[in-house]
Protein chains: 2
Amino acid sequence: MTVRIEDVARLSGVSTATVSRALRGLPGVGGRTRELVLQAAKALGYTPSPTASSLASGRTHSIGLIQPDMSRWFFSTILECAEQTFRKAGYDALVYSLPDYLGPKRQRFKARDLVGKVDAVLVLSLFFDKQEEAELRSLGVPAVFVSVRQKGYSHVGIDDGQAAAQACRHLITLGHKTIGHLSGQTNDLCPFAPSQRRRDGWKQTLTRFNLECSDSLDEAVTIMTASNGYLATKRLLDRRPDITAIMASSDEMAMGAIQAIRERGLAVGRDISVIGIDGHDLGRPFGLTTVAQPVRKQGVTAAEVALKAIEGDLALKTIIFPTTLIERATVGPPPAGRIR
Amino acid sequence: MTVRIEDVARLSGVSTATVSRALRGLPGVGGRTRELVLQAAKALGYTPSPTASSLASGRTHSIGLIQPDMSRWFFSTILECAEQTFRKAGYDALVYSLPDYLGPKRQRFKARDLVGKVDAVLVLSLFFDKQEEAELRSLGVPAVFVSVRQKGYSHVGIDDGQAAAQACRHLITLGHKTIGHLSGQTNDLCPFAPSQRRRDGWKQTLTRFNLECSDSLDEAVTIMTASNGYLATKRLLDRRPDITAIMASSDEMAMGAIQAIRERGLAVGRDISVIGIDGHDLGRPFGLTTVAQPVRKQGVTAAEVALKAIEGDLALKTIIFPTTLIERATVGPPPAGRIR
DNA sequence: CTGAAAGCGCTTACAG
DNA sequence: CTGAAAGCGCTTACAG
């Protein structure tokens, strides 16, 4: 019932080998022969069985996209762009989530689920420990890491420390002296996470400007969601009512901070300034000042690096994109009465 | 180099047929034999080749997830939940986007890209025309539609008309009489889209209460993003400065509306109320009043329906989830001076 | 430029 | 309960 390569071969009067070569545009097929085959295939509505072709060739034409949780904006945006890039190149995108809903602990990556199913892998925002890295290696396909650096692999991302510094400098330039920080919690599975680097950026910048950066100004959460940012901000404001600005490690946390500040009857951008990092799509309606990273570009680029690796270009690449300060309404000078 | 079923057979001293049966837990294998096989497989670290097993069995153990654009919150949340549900059942999720960035026109669905790759398909928020439906049918696998109803297929969603009515009634109860609407544009590919039904809900409810629902109160956009909501609201306010409330067809549009209203120096929830539909994660920090739909449940349920269909339960199901009014800060009574 | 044939690594009637 | 063997539908040296 379904048409096979043999049917095409019969109709065009050649062997299946020739059909295979002709259809894939391989060299060494006569012009006239190719024509014939193409016509026959079209007439029969032939589509090669991807699974048979995978078994025979050892290539799956699909890519694994591994990430913590694709429902969050940053991940889904990267995935979207990567998927489109892969599809244009004839590859399918197989998504694989390792959720961390409950906090820093997440499920371990098991290569077993992906072995023999993908030609390459993209890993987003996940640091792999020794064991997971061994699993990854056992897949035997190239991998590129996005957001998190992993030794021995290509990497696409931003300079998280710089991004944080950029955010802090903006606040400092406006006159802020007591700057709180909402950070992502360090966790054992991911000691070099972006959140960690962003915290370092905050600390180093405040230190450089001789400003306070004690632990009491830093409030850490497990995952960097708006609701965690909200709760963290309430704690932070209870502890340090003297802060005039908050630098959130992500835009979503910044949005939660805004909610908490407003609930106290304070005006965001006047009583307390808030700056985020990421460049979230919804930052604009929020009026959120932020340091934006080029998310879509990272998705496309990471996919391109993976594609090149599949084609044999295994050279390790590190591609760091610049970030951009976007000034909107949530940051202003500190309120006159509260400058020390 | 990679271990095959034959290696396991040899080590355990049985045939490959027995290994295959034992490993898959099929009946008709001796207890002791099964033991032996399991041990051998474990000792060798055997993982069956998914592509070989697919070719032989005709089942791929993966599901196609077709949607417009997975970077948007609603889609990515559904995908996330569906993927997790599928993975637990031993299925991979193959995502397939048909972007509509530029407006209502999108790429047509081509079955060719998916044929032989999936055991079932989930379609989100996409209406398939005759031609696409034929393509889908040619895939020869069960499909379930989420958000959009498609004749002849199982469907998981909400009652969009009711959701809109619920939102309108809330505004009317508070005393609003001139209620604008931000709607998603009807497009030829998708005449029965949720946005269309939501608009109908708005119209019918206002009519029932003898309130104005002329076209000048309705502002349609191509895709329902925050920035389109922002622009639409500006046009709406220019044309109808007398409105006291806006019902947006999606939360993202509502967020854009809030931005536009604030830019005019008006207070959201006092001068102009705004209500959305969806229950977006970021509605809370926005203080957005909305009619929420259970997004995660829909994702899980749709996946379960697909899984059952794969197992032979082809009965058509229609599962409609209730929506819930969530009162927050963007809706209040109309300003006293402006009630007619 | 083209074909015959082996091989990819499983699963599944069919026999016993 | 178990095995021999065909078959799934391609691709790829190898010969010519």
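When reading the values below, keep in mind they use all heavy atoms of this one structure, side chains included, and skip hydrogens, waters and symmetry mates. Fair warning: this is a prediction, and the values are worked out from it, not measured in the lab. Note on naming: letters A, B, ... go to the chains in the order of the sequence lines (proteins, then strands), and numbering restarts at 1 for each one.
- Within 4.0 Å (heavy atoms only), B/Ser54 reaches no atom of the nucleic acid at all.
- At whole-Å resolution of the value, CD in B/Glu35 and P in D/dT2 are 13 Å apart.
- Residue B/Ser53 places its side chain closer to C/dC10 than to any other of C/dC10, C/dT2, D/dC10.
- The CZ-C1' distance, from B/Arg10 to D/dA4, rounds to 16 Å in whole Å.
- Partner assigned to D/dG16 is C/dC1, using Watson-Crick or G-U wobble distances below 3.5 angstrom.
- Distance B/Leu23 CG to C/dT11 C1': 13 Å, rounded to the nearest Å.
- When the side-chain nitrogen and oxygen atoms of A/Arg24 are compared with OP1 and OP2 of D/dT12, one or more of them lie within a distance under 4.0 Å.
- Nearest heavy-atom pair across A/Ile158 and A/Pro294 is CG2-CD, 4.2 Å.
- A salt bridge does not link B/Lys117 to B/Asp113: none of the charged nitrogens lies less than 4.0 Å from a carboxylate oxygen.
- Distance from the side chain of A/Val14 is smallest to C/dG3 among C/dA5, C/dG3, C/dG9.
- Of the side-chain N and O atoms in A/Ser15, none sit less than 4.0 angstrom from OP1 or OP2 of C/dA4.
- A/Leu126 contributes atom CG, which lies 10.5 Å from atom OH of A/Tyr96 (distance to the nearest 0.5 angstrom).
- Rounding to whole angstrom units, CG of residue B/Leu26 and P of D/dG3 are separated by 15 Å.
- Aromatic pair A/His155/A/Phe145: centroids not less than 6.0 angstrom apart.
- Between the CG atom of B/Leu55 and the C1' atom of D/dC8 there is a distance of 4 Å, rounded to whole Å.
- At a threshold of 4.0 angstrom between heavy atoms, the contacts of B/Gly28 include nucleobase atoms, whether or not backbone atoms are also involved.
- If you measure from atom NE2 of B/His61 to atom P of C/dG9, you get 19 Å, rounded to the nearest angstrom.
- Within 4.0 Å of A/Thr33, counting heavy atoms only, lie sugar-phosphate atoms of the nucleic acid but no base atom.
- When the nucleotides D/dT2, C/dA5, D/dA5 are ranked by their closest atom to the side chain of B/Val29, D/dT2 comes out on top.
- The interatomic distance linking A/Glu6 (CD) with C/dA4 (P) rounds to 12 Å, in whole Å.
- If you check the side chains of B/Glu133 and B/Tyr153, you find a donor sitting under 3.5 Å from an acceptor.
- The distance from atom CD1 of B/Ile5 to atom P of C/dC8 is 14 Å, rounded to the nearest whole Å.
- When distances run from any side-chain atom of A/Thr16 to the nucleotides D/dA5, D/dT11, D/dG9, the shortest one goes to D/dT11.
- Distance from the side chain of A/Arg21 is smallest for D/dT12 among the nucleotides C/dG7, C/dT12, D/dT12.
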